[in-house]
Amino acid sequence: MARYAASRGSMSLGEDARTHRGLAVLLAALATVSPFSVDTFFPSFPAIEAQFGLSAWQMQQTLTAYLVPFALMSLVLGPLSDALGRRPIVLVGLATYTAASIGCAVSPSFAWLLTFRVVQGMSAGVGMAIGRAIVRDLHEGPEAQRLMSTITMLFGVAPAFAPVVGGWIHVAFGWRSVFGFMMLIGITLMIVSYMHLPETHPEERRSPLHPGNLARTAWRIASHHEFIMLALATGLTICAMMTYLGAAPAIVLGLWHLTETQFAWLFVPIIAGFIVGAWLSGRLAGRITGRRQVAAGFTVSLGSSALVLLLHAMIDPLPILVQEVLIGIDAVGVQLVMPILVLRMLDLFPMSRGSAASVQSCVMLLTGSTCIGSAVPALARSLALLSAGSLACTAGGCALWCATLRTPH
C-alpha cells in the first residue's frame with residue numbers, strides 16, 4: 001500500500017475508497033457498464049428484429065456499432081486521464097453514457113438505435129480502461145495482481161446477471177425498457193463515483209495535453225513489437241469466450257431452444273469460470289511465476305475447448321450440461337492467462353500506463369468486434385462450429401504468447 005499512501009493527499013473523498021476492498025468494489029462496478037451494455041439486451045434481439053424488420057446479421061451489428069467506437073475511444077480515454085486525471089474523465093464518460101442510453105430507449109428507427117449505440121460505445125469504456133490505470137497507480141507486483149483479480153471476481157458477476165435481468169425486464173416491459181435500465185445504471189454510477197471515486201493521478205504526475213504528443217505516445221506503444229504481440233494474444237484469448245457470448249441469442253434461443261429468461265444457462269458457467277480463474281490467480285500471485293501461470297491457463301483452456309469439439313463430433317446433440325461444464329473450465333483457463341498478459345503489457349511502459357492500457361484495450365476490443373461482427377454470424381449455425389472457432393482463438397493467443405517468450409529483452 002506504499003504507493004497508495006503516497007497519493008493520499010489527492011484522495012480525500014471518503015475512507016471506504018481508501019481501502020483495498022472498497023476500491024475494488026468501486027472499480028468493478030464501473031467496469032460493469034460495458035457488460036451490461038452488451039449482454040442486457042440479448043433477450044430482446046428477436047423483438048427488435050421484428051419491430052424494425054431486420055435480418056440476424058443486421059441485428060448483430062448493434063454489437064459491432066458498440067464495440068468498434070468502444071475500442072477506438074479506449075485510445076483516447078487513457079491518455080486523457082494521464083493528462084487531466086482519472087476522476088473527471090470517468091464522470092464525463094458516465095454522463096455521456098447515460099444520455100446515449102436514453103437515446104437508445106426512444107429510438108424511432110434502427111438507424112437511430114445504431115447511432116446511439118455508437119455513442120454508448122464511445123463512453124462506456126471509462127471504467128474498464130481507466131480502472132486498470134488506477135490499479136497500477138496504486139500497486140505493483142503481487143499486490144497489483146491481487147487487486148486486479150479481486151476486481152475481476154466482482155466484475156465477473158455482472159455478465160451473468162445482465163441477460164437474466166434484461167430478459168425479465170423485456171418480458172415485463174418490452175425492449176425499450178432494457179435501455180432505460182442502462183440509463184439507471186449510468187445515473188447510479190455517476191452519483192457514486194462523484195461521491196467516492198478517488199483521484200489517483202495527482203497533478204505533479206500528469207502529462208501535458210498535447211494531441212500530437214498523445215498520438216505519438218500511442219503509436220510508440222502500438223508499434224512496440226512485444227506489446228502488440230501481447231495485445232493480440234490477449235484479444236484472441238478473450239475471443240475464445242466472446243465467440244460464445246456474441247452468439248448467445250443464437251445459442252440460447254435457437255440451438256438450445258430455451259426462452260428469453262434463461263440466458264443464465266450460458267452466462268453463469270462462463271462467469272463462474274472467470275470468477276474461479278480470478279480467485280486462483282489471486283491465490284497464485286507471488287507463489288509461482290507469471291510464465292508458469294500463463295502456461296497452466298493455456299493448457300486448461302486448450303484442453304477443455306478441444307474436448308468439447310471432439311464430443312460435438314461424437315455425440316449429437318451433446319447434452320447442455322456437458323457443454324456448460326467444459327465452457328466453464330475453458331473460462332477458468334482464459335482468466336488465468338489474462339491478468340498476467342495485461343500487467344506485463346503495462347509494465348513495458350511504466351511512465352505511460354494510462355496510454356498503454358488504452359492501446360491494449362483498443363487492440364483487444366477491435367479483435368473482439370471483428371470476431372463478433374464477422375466470424376460469429378458464420379459460426380452460429382452450429383455448436384460444433386462455435387467450438388472450433390473458440391479453439392482456434394485460444395490456439396492463436398497461445399502461439400503469440402510463445403512468440404513473445406522468444407523476443408529478446
Side-chain angles (χ1 to χ4, degrees), residues 35 37-50 52-68 110 114 117 159-160 162-164 166-167 170 175 235-271 273 301 304-306 308-313 315-324 326-328 330-331 334 365-396:
S37 301
V38 173
D39 303 345
T40 310
F41 79 121
F42 276 161
S44 300
F45 268 36
I48 298 174
E49 288 175 11
F52 294 128
L54 307 175
S55 66
W57 182 87
Q58 287 175 307
M59 190 62 209
Q60 197 76 18
Q61 302 319 303
T62 59
L63 300 179
T64 306
Y66 171 89
L67 287 171
V68 171
F110 183 59
L114 283 182
R117 284 291 287 172
V164 177
H170 169 79
W175 69 265
L236 285 174
T237 301
I238 199 65
C239 276
M241 291 295 102
M242 292 184 76
T243 299
Y244 293 111
L245 296 174
I251 294 173
V252 174
L253 302 177
L255 299 174
W256 285 356
H257 307 292
L258 302 176
T259 68
E260 290 91 343
T261 60
Q262 293 179 298
F263 274 73
W265 286 46
L266 175 63
F267 281 79
V268 167
I270 293 175
I271 303 310
S301 189
S304 59
S305 55
V308 74
L309 179 59
L310 177 63
L311 291 175
H312 275 303
I315 304 171
D316 187 23
L318 184 64
I320 293 176
L321 179 60
V322 175
Q323 297 178 55
E324 290 175 317
L326 290 174
I327 292 172
D330 193 353
V334 168
L365 291 166
L366 284 177
T367 305
S369 62
T370 301
C371 174
I372 287 177
S374 301
V376 166
L379 298 175
R381 292 174 293 169
S382 76
L383 288 160
L385 284 173
L386 287 168
S387 300
S390 178
L391 175 59
C393 289
T394 305

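Keep in mind that this is a model prediction, so the values were computed, not measured.
Residues passing the side chain to side chain donor-acceptor pair (under 3.5 Å) test with S301, sequence neighbours excluded: D330. Shown here are the side chain to side chain contact (heavy atoms under 4.5 Å, CB included) partners of P377, two or more places apart in sequence or in another chain: W57, Q60. Taking the side chain to side chain donor-acceptor pair (under 3.5 Å) definition, one finds that E49 meets it with nothing, sequence neighbours left out. Residues passing the side chain to side chain contact (heavy atoms under 4.5 Å, CB included) test with L114 are T62, A65, F110, sequence neighbours excluded. For T370, the side chain to side chain donor-acceptor pair (under 3.5 Å) test picks out no residue, with sequence neighbours left out. Scanning for side chain to side chain contact (heavy atoms under 4.5 Å, CB included) contacts around P317 gives an empty result, with sequence neighbours left out. Residues satisfying the side chain to side chain contact (heavy atoms under 4.5 Å, CB included) test with L311, not counting sequence neighbours, are L307, I315, L318, V322, L326. In terms of the ring-ring contact (aromatic ring centres under 6.0 Å, His included) criterion, residue partners of W175 (sequence neighbours excluded) are, by chain and number, F52. Qualifying side chain to side chain donor-acceptor pair (under 3.5 Å) partners for T259, counting only residues two or more places apart in sequence or in other chains: T261, Q262.
Heavy-atom minimum distance, H170 versus A47: CE1-CB, 3.4 Å.
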Next item on the list: Could you walk me through whether S382 and L255 pass the side chain to side chain contact (heavy atoms under 4.5 Å, CB included) test, one step at a time?
Entry: CA-CA 7 Å; S382 76; L255 299 174; 5.6 Å; no
Next item on the list: Report the C-alpha separation of F41 and I48 in whole Å, then their side-chain angles, then the decisive distance to 0.1 Å, and conclude whether the side chain to side chain contact (heavy atoms under 4.5 Å, CB included) test is met.
Entry: CA-CA 10 Å; F41 79 121; I48 298 174; 3.9 Å; yes
Checklist line | Residue pair W256, L266: steps toward the side chain to side chain contact (heavy atoms under 4.5 Å, CB included) verdict | finding: CA-CA 10 Å; W256 285 356; L266 175 63; 3.9 Å; yes
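When side chains are defined from C-beta on, R117 counts as touching L63, because their heavy atoms get closer than 4.5 Å. In this structure, F267 and V252 have side chains that are not in contact, with every pair of non-hydrogen atoms separated by 4.5 Å or more.
Separating the CH2 atom in W265 from the CG atom in L258 is a distance of 5.5 Å, to the nearest 0.5 Å. Taken to the nearest 0.5 Å, the CG atom of L310 stands 11.5 Å off from the OG atom of S305. The distance from the CG atom of L309 to the CG atom of L391 is 6.0 Å, given to the nearest 0.5 Å. For the atom pair CG (D39) and CD1 (I271), the distance works out to 7.5 Å, reported to the nearest 0.5 Å. Interatomic distance, I270 CD1 to E324 CD, rounded to the nearest 0.5 Å: 9.5 Å. Rounding to the nearest 0.5 angstrom, the gap separating the CD atom in Q61 from the OG atom in S55 is 8.5 Å.
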Determine all donor-acceptor pairs shorter than 3.5 Å in which one atom belongs to a side chain in residues 235-251; sequence neighbours excluded.
unit_1, atom_1, unit_2, atom_2, d
T237, OG1, A233, O, 2.6
T243, OG1, C239, O, 2.7
Y244, OH, S387, OG, 3.4

